[in-house]
Amino acid sequence: MIALLRRDLALALRAGGGFGLGLAFFLIVVLLVPFGVGPDRTILQPIAPGILWVAALLAALLSLDRIFALDHEDGSLTLLATAPVPMEGVAVMKALAHWITTGLPLTLVAPLLGFFLNMAPAAYPWLLLSLALGTPALSMIGTFGAALTVGLRRGGLLLSLLVLPLYIPTLLFGAEAVRRGAEATGAQAPLMLLAAVTLGTFAALPFATATVLRINLR
Amino acid sequence: MSIWEYSNPKKFMDWTAPVVPWTFGLAALACGAGLVWGFFLTPEADKFGSTVKIIYLHVPAALMAINAWFMMLVASLIWVIRRHHVSALAARAAAPVGMVMTVIALVTGAIWGMPTWGTYWVWDPRLTSFMILFLFYLGYIALWEAIEDPDTAADLTSVLCVVGSVFAILSRYAVRFWNQGLHQGTSVPVATGGRTVSDVYFVPLVLCMVGFGLLFLALVLLRTRTEIRARRIRALTARAHRA
Amino acid sequence: MLRATDLACARGGVPVLEGVSFSLAPGEALILRGPNGVGKTTLLRTLAGLQPPIAGSVDFAEGTGAYASHADGIKAALTVTENLAFWARIHDRPVPEAVFGAFDLSDLRDRLAGTLSAGQKRRLGLARLEVIGRAVLFLDEPTVSLDAFSVKMFARWMREVHLGQGGCAVIATHIDLGLDAPDLNLSPFVAAPDAGGGADEAFL
């Protein structure tokens, strides 16, 4: 199964793999916000954590339909189904590969972009921590959504419609942790809940994803 | 003789044919009586004035919005476990009804919110939860519509319904954590046996809730019958093409 | 080694084949014949366990079967060696050196699969079968876009390596592979229009 992770990472990093597109999208969305709400730092500072989280979420969403679509087209998914690897394992590896190519770079770049939104200095460590804890959940939930829509020709838009409501708890706890961190009003609770959401999704959703994949390969 | 026999599509069509008009009739009776009683024969509340009477639409709709999703969850599980086609089609039939109930609850809530809180919308946990529920209905219906093969669609939407239920409950508590809110407590707390509405309002409210429940049942039965007919047409057409 | 008993299968919920029975001993192959749309692919997918049969059973030792079609999981952005190495690792096996010779891939080892011709790509897909080392193969049109020379090469591999080492194979094809294998014409097994077991059965 590690072989699958390594192959997916290699494919993402080579020409045409689309690595970096999500990151560029994240950058542009965040930089567009001041044009929309105005350059006033008293407006930008309090909304910075929320903007960064929403933008990270959208950037992660952007690359979800690639998780299974290419493997479905070239038959890899069918071949994996008869290979001696559990589909649940395939689901986890796909989610991990997605996180390493989108969630992780987003997390690392986010503090830099916080700078452009005049984010409160106290919020930086919490932003980094909450994104590091929360983006894996975004990848896992997204993998489930991608598995649901893998056989559909125009699955992309439907995928967003299905996945975005499932993202609500993650977004809410993540942004809340940064906000409370900035105000020093106890960010531990939302962070722990965020970690619980991430662990819970990784415990349960691989099974749902594998079930859905088997149905779609029938 | 098992209860599951009634889930055979043909049997289901047979026994529901006479039940549907009766259910509609009883629903009209209960809703009509409850609404007339509630709107015209109850006193106006001290603080709220006549605006309180929207409760007779708001509370039953909110109740059915949640119960419809719960019914879809049960029907989905029956499909997954026992593979009864009618169960899957009933879940499909209930979704738009549940979504409309959610919209009614949201709209009547907004109309009630203006005179009471001075605003149509606040990001209160209850309101937000209903907005999220609406999004879940939307996704569920969209997935049904997107998949051509009916059994695959039934399987996938069932999984989505189960996963969605967990996330809907999670969202509800997450939202409560996020904002404490303005909305009053539940009007009819079943668990404690008490009630926060006084007796004059309570009886017509219960009538309306029963009426909405019957209306939901009647609509779902009717829509399930339509789904079964549509599926039958599909099956007959496919057979005609093969012959 | 492989036994199908009174098998019936459906495509998109519609029964297409019924009453298919056969058995293969080690070293034997079976060629599926029949016009387009008769259900060769459906039967192969059902045999491989990718979709459940609507009646009957398929028996072979678990973890020995593999399905392959013209969509053979080859990634354009990986080299020939990398593609084979990936499937070898997934199946927890080494890449045998002989495979490059057997499928005439020796000169192409470090080429990206995306730059190969259709026939070369097909040879890579067939080489994958050797690499994964499964004994029971279900092959759907394995020789599409192969030239006569490559077809002979594949037939020789099938005869001498795969079947010779005690494997077996069910192959759907329209051409003569030159294998000493019986044909199974599927036309007599086409499901009757009123055949039961389809997804719509309860609604008729």
Side-chain angles (χ1 to χ4, degrees), chain A residues 50 134 137 140-141 143-177 179-180 186 189-194 196-198 200-201 203-218, chain B residues 69 73 76-77 79-81 83 88 95 99 102 123-125 127-181:
Chain A
M140 190 66 242
I141 297 168
T143 305
F144 169 67
L148 270 178
T149 54
V150 70
L152 299 172
R153 252 159 292 142
R154 279 184 295 279
L157 207 57
L158 178 67
L159 175 61
S160 320
L161 188 62
L162 296 177
V163 163
L164 283 175
L166 301 177
Y167 275 174
I168 291 170
T170 317
L171 169 65
L172 205 149
F173 289 134
E176 184 75 7
R179 210 165 58 191
R180 291 195 187 184
L191 266 185
M192 281 160 104
L193 287 165
L194 182 66
V197 169
T198 302
T201 51
L205 280 183
F207 296 98
T209 310
T211 309
V212 163
L213 281 177
R214 282 193 209 100
I215 293 167
N216 266 328
L217 287 178
R218 246 182 355 214
Chain B
W69 185 274
L73 174 63
S76 297
L77 288 175
W79 161 252
V80 170
I81 295 163
R83 315 295 289 180
M99 190 170 82
T102 313
W123 288 96
D124 160 276
L127 275 70
T128 314
S129 299
F130 266 77
M131 190 52 104
I132 295 170
L133 185 62
F134 174 73
L135 296 178
F136 276 104
Y137 274 120
L138 215 59
Y140 179 87
I141 295 170
L143 188 61
W144 260 112
E145 297 302 323
I147 304 166
E148 274 174 40
D149 182 68
D151 279 8
T152 306
D155 282 330
L156 294 181
T157 51
S158 295
V159 178
L160 178 68
C161 190
V162 173
V163 171
S165 300
V166 175
F167 274 88
I169 293 169
L170 186 63
S171 303
R172 186 177 141 64
Y173 288 100
V175 162
R176 227 194 237 177
F177 176 87
W178 166 72
N179 194 348
Q180 292 304 324

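Lettering follows sequence order; numbering is per chain, from 1.
Geometrically, Arg176(B) does not engage Trp178(B) in a cation-pi contact defined by less than 6.0 Å to the ring centre and at most 45° from the axis.
For a residue to count as touching a neighbouring chain, one of its non-hydrogen atoms must lie under 4.5 Å from one of that chain's; by this rule Arg214(A) does not touch chain B. Ile168(A) touches chain B through its side chain: at least one heavy atom from C-beta onward sits under 4.5 Å away, while N, CA, C and O do not. Heavy atoms of Glu148(B) lying under 4.5 Å from chain A belong exclusively to its side chain. If you measure heavy-atom distances from Leu205(A) to chain B, the contacts under 4.5 Å come from the side chain alone. Of the two parts of Val197(A), only the side chain, counted from C-beta on, holds a non-hydrogen atom closer than 4.5 Å to a non-hydrogen atom of chain B. With a 4.5 angstrom heavy-atom cutoff, Leu158(A) touches chain B only via side-chain atoms.
Between chain A and the residues Leu135(B), Asp155(B), Val166(B), the most heavy-atom pairs under 4.5 angstrom are made by Asp155(B). Of the listed residues (Leu138(B), Leu143(B), Ile147(B), Asp151(B)), the one with the most heavy-atom contacts under 4.5 Å to chain A is Leu143(B). Interface summary for chain B: among Leu162(A), Leu172(A), Ile141(A), Asn216(A), the most heavy-atom pairs under 4.5 angstrom belong to Leu172(A). Your options are Leu152(A), Leu148(A), Leu164(A), and the one with the most heavy-atom pairs under 4.5 Å with chain B is Leu148(A). If you tally non-hydrogen atom pairs under 4.5 Å between each of Arg180(A), Arg153(A), Arg179(A) and chain B, the highest count goes to Arg180(A). The choice from Gly151(A), Pro190(A), Ala208(A) that makes the most heavy-atom pairs within less than 4.5 Å of chain B is Pro190(A).
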Worked verdict on Val159(B) versus Phe144(A) for side-chain contact (heavy atoms from CB on, under 4.5 Å): CA-CA 10 Å; Val159(B) 178; Phe144(A) 169 67; 3.8 Å; yes
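Remark: Phe177(B) CZ to Tyr173(B) OH distance equals 15.0 Å, nearest 0.5 Å.
Scanning all heavy atoms of the two residues, the minimum distance from Ile141(B) to Met99(B) falls at CD1-SD, 3.9 Å.
Shown are Phe167(B), Phe130(B), Phe134(B), Tyr137(B); of these, the ring pair (Phe, Tyr, Trp, His ring centres under 6.0 Å) with Trp69(B) is made only by Tyr137(B).
Pairs of residues two or more places apart, or lying in two chains, never qualify as side-chain hydrogen bond (donor to acceptor under 3.5 Å, both in side chains) while including a residue from residues 156-170 of chain A.
A salt bridge does not link Asp149(B) with Arg218(A): every distance from a Lys NZ or Arg NE/NH1/NH2 to an Asp or Glu carboxylate oxygen is 4.0 Å or more.
Proximity of Trp144(B) to Tyr140(B): side-chain heavy atoms (C-beta onward) are separated by under 4.5 Å at one or more points.
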